[in-house]
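Scroll down for the structure; my scribbles are underneath it.
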Amino acid sequence: MNRFKQMMQDLEEMRQSFPPEWKRAIELDKQASKSLAKTQERMQQVPAQMAELSVQLAKRGWYLWMDMPFTFLYAVRRALNGKRFQIVDAVLIDYFKKENRRIASILLESFPNRAAILQSAFRAHRKKDYSLSVPVFLSQADGICSELVGVGLYSRRKGSPRTAPATERFTGSDLMSSLLEPLRVAGALNAFEDERHQYPDVLNRHEVLHGKSVDYATPVSSFRAFSLLAYVGSALVTAKEYQEFRDEQDSLK
């Protein structure tokens, strides 16, 4: 079942189970009202902050996993804004190392037609055989993107990623739209040859997949490529499910 539909059903069941007195309107005092207003204001700033963070990370070859806690993301954001790139790399490697098996399990469930290939890549990554894991992660991220939105992940037209117009239909949520921002801008992985000097320490998928790079088999490159696969496999699936949920809700009005 669509996760958003399931979420709404769970919330409704929870609401129905409340005692009658819990369902009465609650009057907030002035201090509580101020706190609520501040919280709402901060929440309104989240989409823009997440869009900025997503793009900054993409320029470092890193991508978000949809289940990352906001506290973790803001810590990464502070390190990134302070140009503490070694810390950014270290904490993201640590995160994906801890969440590796859970993310792999979700991706295998989401894309059973790719299970054999993905399992081989995950196994190679865990065995530190990065010369095999990196190109498979990069190519499968490309294939998943093409499968879900109809265009290749790395293809560009007149300098702009072709994924930009392909994701424009996912506009129902500011937060969802912000998390798809890396698909609307050129990053390190799909940089053209005359742009690669901007990302000297980040692998380039063209050089890897076309056999030009022979020094890509490093832990950070494999974790970056893994983060890209995780991002594409979670962000686009979530965006499609959210859009389907909204379409269904609109049809019921």
Side-chain angles (χ1 to χ4, degrees), residues 54-65 76 79-80 83-101 103-104 107-108 111 113-147 151-157 159-163 182-183 185-236:
S54 297
V55 171
Q56 285 180 319
L57 283 174
K59 292 185 181 299
R60 293 286 307 160
W62 287 108
Y63 293 82
L64 302 181
W65 169 247
V76 171
L80 201 57
K83 300 188 184 302
R84 292 173 288 173
F85 300 134
Q86 287 185 329
I87 292 177
V88 172
D89 291 346
V91 296
L92 286 169
I93 286 174
D94 187 58
Y95 175 87
F96 283 111
K97 189 177 292 184
K98 289 178 180 176
E99 297 294 326
N100 179 278
R101 291 187 182 275
I103 293 173
L107 291 173
L108 290 170
F111 306 99
N113 59 320
R114 300 175 182 273
I117 299 171
L118 292 175
Q119 283 175 331
S120 296
F122 296 147
R123 193 180 305 116
H125 176 75
R126 286 193 287 268
K127 290 183 176 180
K128 301 182 180 180
D129 195 349
Y130 304 130
S131 60
L132 297 181
S133 63
V134 171
V136 178
F137 288 157
L138 294 176
S139 62
Q140 287 302 298
D142 189 25
I144 287 172
C145 182
S146 182
E147 177 182 325
V151 296
L153 178 60
Y154 311 112
S155 59
R156 290 168 65 176
R157 184 178 182 183
S160 298
R162 293 182 64 194
T163 48
L183 299 176
V185 298
L189 284 173
N190 63 347
F192 287 161
E193 190 167 355
D194 61 351
E195 299 170 336
R196 288 175 200 161
H197 67 280
Q198 301 175 41
Y199 317 104
D201 59 342
V202 181
L203 80 162
N204 177 268
R205 68 91 203 170
H206 179 86
E207 294 192 344
V208 172
L209 296 182
H210 289 271
K212 294 184 178 182
S213 175
V214 293
D215 59 357
Y216 67 83
T218 65
V220 68
S221 290
S222 194
F223 277 104
R224 279 170 167 157
F226 179 78
S227 78
L228 173 66
L229 176 68
Y231 167 74
V232 172
S234 62
L236 288 178

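When reading the values below, keep in mind they use all heavy atoms of this one structure, side chains included, and skip hydrogens, waters and symmetry mates.
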Test log, rule side-chain contact (heavy atoms from CB on, under 4.5 Å), inputs V76 and Y95 | CA-CA 11 Å; V76 171; Y95 175 87; over 6 Å; no

Decide yes or no on side-chain contact (heavy atoms from CB on, under 4.5 Å) for L236 and I144, but give the supporting numbers first.
-> CA-CA 9 Å; L236 288 178; I144 287 172; 5.6 Å; no

Could you please spell out the steps behind the side-chain contact (heavy atoms from CB on, under 4.5 Å) verdict for F96 and I103?
-> CA-CA 8 Å; F96 283 111; I103 293 173; 3.8 Å; yes

L118 and V136: CA distance, side-chain angles, deciding distance, side-chain contact (heavy atoms from CB on, under 4.5 Å) verdict = CA-CA 8 Å; L118 292 175; V136 178; 5.6 Å; no

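Residues satisfying the ring-ring contact (aromatic ring centres under 6.0 Å, His included) test with Y154, not counting sequence neighbours, are none. Considering only residues two or more places apart in sequence or on other chains, R101 meets the side-chain contact (heavy atoms from CB on, under 4.5 Å) condition with R126. Residues meeting the salt bridge (Lys or Arg N to Asp or Glu O under 4.0 Å) test with D94, sequence neighbours left out: K98. Judged as a side-chain contact (heavy atoms from CB on, under 4.5 Å), and not counting sequence neighbours, the contacts of S221 are V134, L203, T218. The side-chain contact (heavy atoms from CB on, under 4.5 Å) check on R60 picks up W62, L80, F85, D89, D201, R224, with sequence neighbours excluded. Every residue meeting the salt bridge (Lys or Arg N to Asp or Glu O under 4.0 Å) condition with R156, not counting sequence neighbours, appears here in chain and number order: E195. Here Q119 pairs with nothing under the side chain to side chain donor-acceptor pair (under 3.5 Å) rule; sequence neighbours left out. Residues satisfying the side-chain contact (heavy atoms from CB on, under 4.5 Å) test with N113, not counting sequence neighbours, are F111, E147. Listed by chain and number, the residues in a ring-ring contact (aromatic ring centres under 6.0 Å, His included) with Y216 amount to none (sequence neighbours excluded).
Residue pairs meeting the side chain to side chain donor-acceptor pair (under 3.5 Å) criterion with at least one member in residues 131-143, sequence neighbours excluded: R114-Q140, D129-S131, S133-S222. The salt bridge (Lys or Arg N to Asp or Glu O under 4.0 Å) pairs that include a residue from residues 202-221 are R196-E207, where partners are two or more places apart or lie in different chains.
Paired with V220 under the rule side chain to side chain contact (heavy atoms under 4.5 Å, CB included), one option of I93, L92, V202 passes, and it is I93.
Summarising the geometry, atom CG belonging to L183 is positioned 4.0 Å from atom OH belonging to Y231; distances are rounded to the nearest 0.5 Å. One distance of note links CG of N204 with CG of L209; it measures 9.0 Å at 0.5 Å rounding. A distance of 10.5 Å separates CZ of F137 from CG of L132, quoted to the nearest 0.5 Å. Annotation: the span from H206 atom NE2 to L138 atom CG amounts to 13.0 Å, rounded to 0.5 Å.
In this structure, K128 and Y130 have side chains that are in contact, with non-hydrogen atoms separated by less than 4.5 Å.
Closest heavy-atom contact between A141 and L229: N-CD1, 3.8 Å. When all heavy atoms of A230 and L107 are compared, the pair lying nearest together is CA-CD1, 4.1 Å.
Ring geometry for F223 versus H125: interplanar angle over 60°, hence perpendicular rather than tilted (30 to 60°).
Side chain of S227 to main chain of Y63: a donor-acceptor pair is present (N/O by atom type, distance under 3.5 Å, no hydrogens or angles).
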